[in-house]
Amino acid sequence: MRRRSSDPEGAHLKVIIIGGINIDIEGVPFNQIKYHDSNPGKIRLSYGGVGRNIAENLARLGGECAMVSCVGDEPMSLGAMEHLRKLGVDVSHIRVFQEEMPSMYLSILDDRHDMELGISDMEIIDHMTPEYIDEIRPFLDTASVVALDGNLTEEMLEHATDVLRGTKLFFDPVSASKGVRVRDFAGRFFAVKPNRIEAEAILDMKIKTDGDVRDAGRRFMELGVSKVFITLGEDGVFYMEEGDSGFIRPSKDLVIRSATGAGDSFSACILLGLSRGFGAKKIAEMGMAASRITMSTQRAVSEEISMELIEELMNKEI
């Protein structure tokens, strides 16, 4: 973790991410998926997890960040933690548990490299308890922004949003079934980034049209959220904050090699933008550019991603 000599005790720390570190297994068929049958294709093993992916993206974009999570003591999980450390992420508050299975995520893409099915085994994240949040509270207070991902338990999310009310909080739902965990206290977050289905689940409403998307944004704002980003897949993203809202559509020449991780790079841009005081529109433009970079590679996090490349794309039609 880079430190500035003028900021004692890490007080300069910009972003702390509390969430999952996974071992990802991704399968991509050569042809259209045939159900109930073996499909020839490619299988890739990599480091993943929404929280971990966001942290890696943020580090590659030049943001200062720390990761708070739980891992087992087996080689892949320890390797994931060391990988973040080498990128400059503070991993000193990642808890390592003996004889625990790693958090794992299995994804099956379709022949267009879009998500078809995912299965997650993240029981180890249950070790991330309210008591641990209380224990590291002084460290959390050094952040200008704290990100929470939906893999955390409802108890953990509610406690963290309660004790960290004085800090800008960001929520990435991860999935619709996990996003509903914050339904009763979603207004505690400064910024949220659900996709269309996740927004439907959290707000208990149907979102079919652009008008519905705007209504969803207004509902989040009425709850107390200051910046709303609703991602819409091939239709782009909707952003909203006080006095400004709109849609940003993707470029027509977008080529998708893998959609895995695109949302995580978007979240990293939100965190970077929040830490630097950017407006919602600029953050959304950054996020769209970052997602495009990520989708152009088969990796969940592009090794080529940088603010320079994002700014270059932002100067073109996204």
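For the numbers below, each heavy atom of this structure counts, side chains included, while hydrogens, waters and symmetry mates do not.
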Distance-only, no hydrogens or angles: does the Ser302 side chain make a donor-acceptor pair with backbone N or O of Glu304 under 3.5 Å?
yes
For the side chain of Glu198 and the backbone of Asn195, is there at least one donor-acceptor N/O pair under 3.5 Å apart?
yes
Phe229 six-ring face occupied by Lys193 cation (under 6.0 Å, within 45°)
no
Could you give the distance from CG (Asn57) to OG1 (Thr294), rounded to the nearest 0.5 Å?
5.5 Å
With sequence neighbours left out, write down each residue that passes ring-ring contact (aromatic ring centres under 6.0 Å, His included) with Phe170, or none if nothing qualifies.
none
Parallel, tilted or perpendicular: which fits the ring planes of Phe139 and His93, with parallel below 30° and perpendicular above 60°?
parallel
Find out whether Ile207 and Met205 are in side-chain contact, i.e. whether some heavy atom of one side chain is under 4.5 Å from a heavy atom of the other.
yes
First locate atom OG of Ser226, then atom CD of Glu241, and finally report the distance between them rounded to the nearest 0.5 Å.
9.0 Å
Arg112 atom CZ, neighbour heavy-atom count above 12 within 6.0 Å
no
Quick one: do Arg196 and Glu200 make a salt bridge, cutoff under 4.0 Å?
no
Counting neighbours of CD1 on Ile43 that are heavy atoms of other residues, nucleotides or ligands and sit closer than 6.0 Å, is the number greater than 12?
no
Could you measure the distance from the CD1 atom of Ile54 to the CG atom of Leu61? Nearest 0.5 Å is fine.
12.0 Å
If hydrophobic clusters are built from ILVMFWY residues whose side chains come within less than 4.5 Å, do Leu109 and Ile25 share one?
no
Considering only NZ, NE, NH1 and NH2 on the basic side and carboxylate oxygens on the acidic side, decide whether Asp264 and Arg60 come within less than 4.0 Å.
no
Taking Val174 as the starting point, is it possible to reach Val180 by hopping between hydrophobic residues whose side chains are less than 4.5 Å apart?
no
Does any part of the side chain of Ile230, heavy atoms only, come nearer than 4.5 Å to the side chain of Val237, both counted from C-beta?
no
Separation of Leu140 CG from Leu164 CG (nearest 0.5 Å)
5.5 Å
Pairs touching residues 24-45 that satisfy salt bridge (Lys or Arg N to Asp or Glu O under 4.0 Å), sequence neighbours left out
none
Between Arg218 and Asp215, does any side-chain N to carboxylate O distance fall below 4.0 Å?
yes
Is a donor from one side chain sitting under 3.5 angstrom from an acceptor on the other, for Ser245 and Arg214?
yes
Do the side chain of Arg183 and the main chain of Leu203 share a donor and acceptor less than 3.5 angstrom apart?
no
Quick check: do Val15 and Glu64 have side-chain heavy atoms less than 4.5 Å from each other?
no
Arg181 side chain vs Gly150 backbone, donor-acceptor pair below 3.5 Å:
yes
Just checking, is any N or O donor in the side chain of Asp172 or Ser267 under 3.5 Å from an acceptor N or O on the other one?
yes
CA sep, side-chain torsions, deciding dist, call: Asn31, Asp111, side-chain contact (heavy atoms from CB on, under 4.5 Å)
CA-CA 5 Å; Asn31 302 300; Asp111 56 320; 5.6 Å; no
Given 3.5 Å as the limit, does a donor-acceptor pair link the side chain of Asp212 with the main chain of Lys208, or not?
yes
Flag side-chain contact, heavy atom, 4.5 Å: Asp149 against Phe171
no
As a quick check of understanding, evaluate side-chain contact (heavy atoms from CB on, under 4.5 Å) for Phe278 and Met286, giving each step before the final call.
CA-CA 10 Å; Phe278 295 165; Met286 289 166 52; 3.7 Å; yes
With a cut-off of 3.5 Å and sequence neighbours excluded, list every side-chain donor-acceptor pair involving residues 71-84.
residue	atom	partner	partner atom	Å
Asp73	OD1	Glu99	N	3.3
Glu74	OE1	Met76	N	3.1
Glu74	OE1	Ser77	N	3.3
Glu74	OE2	Ser77	N	3.3
Glu74	OE2	Ser77	OG	2.2
Glu82	OE1	Arg85	NE	2.9
Glu82	OE2	Arg85	NE	3.2
Glu82	OE2	Arg85	NH2	2.4

CG/Asp184 to CG/Leu157 distance, rounded to the nearest 0.5 angstrom?
12.0 Å
Compare all side-chain heavy atoms of Tyr239 with those of Lys227 and state whether any distance is below 4.5 angstrom.
no
Test Asn22 against Ser103 for side chain to side chain donor-acceptor pair (under 3.5 Å), laying out the working first.
CA-CA 5 Å; Asn22 289 357; Ser103 180; 2.5 Å; yes
Run the numbers on Glu123 and Met101 for side-chain contact (heavy atoms from CB on, under 4.5 Å), then give the verdict.
CA-CA 8 Å; Glu123 290 185 1; Met101 288 294 293; over 6 Å; no
With a 4.5 Å cut-off on side-chain heavy atoms, are Val68 and Ile17 touching?
no
Which value, rounded to the nearest 0.5 Å, describes the distance between Ser175 atom OG and Ile197 atom CD1?
10.0 Å
Does Phe30 form a side-chain contact (heavy atoms from CB on, under 4.5 Å) with Asn39? I'd like the steps, not just the answer.
CA-CA 8 Å; Phe30 292 138; Asn39 289 261; over 6 Å; no
Is Leu271 reachable from Val91 through a run of I, L, V, M, F, W or Y residues, each pair having side-chain heavy atoms under 4.5 Å apart?
yes
Check: Lys14 main-chain N/O paired with Ser144 side-chain donor or acceptor under 3.5 Å
yes
Would Leu106 and Val301 show up in the same hydrophobic cluster when neighbours are defined by side-chain heavy atoms closer than 4.5 Å?
no
Find out whether Ser265 and Ile305 are in side-chain contact, i.e. whether some heavy atom of one side chain is under 4.5 Å from a heavy atom of the other.
yes
Do the side chains of Val192 and Val146 join up, straight or via other hydrophobic residues, at under 4.5 Å, putting them in one cluster?
yes
A side-chain contact here means heavy atoms from C-beta on lying under 4.5 Å apart; do Glu285 and Ile248 qualify?
yes
Check this for me: Arg299, atom CZ, are more than 12 non-hydrogen atoms of other residues, nucleotides or ligands nearer than 6.0 Å?
no
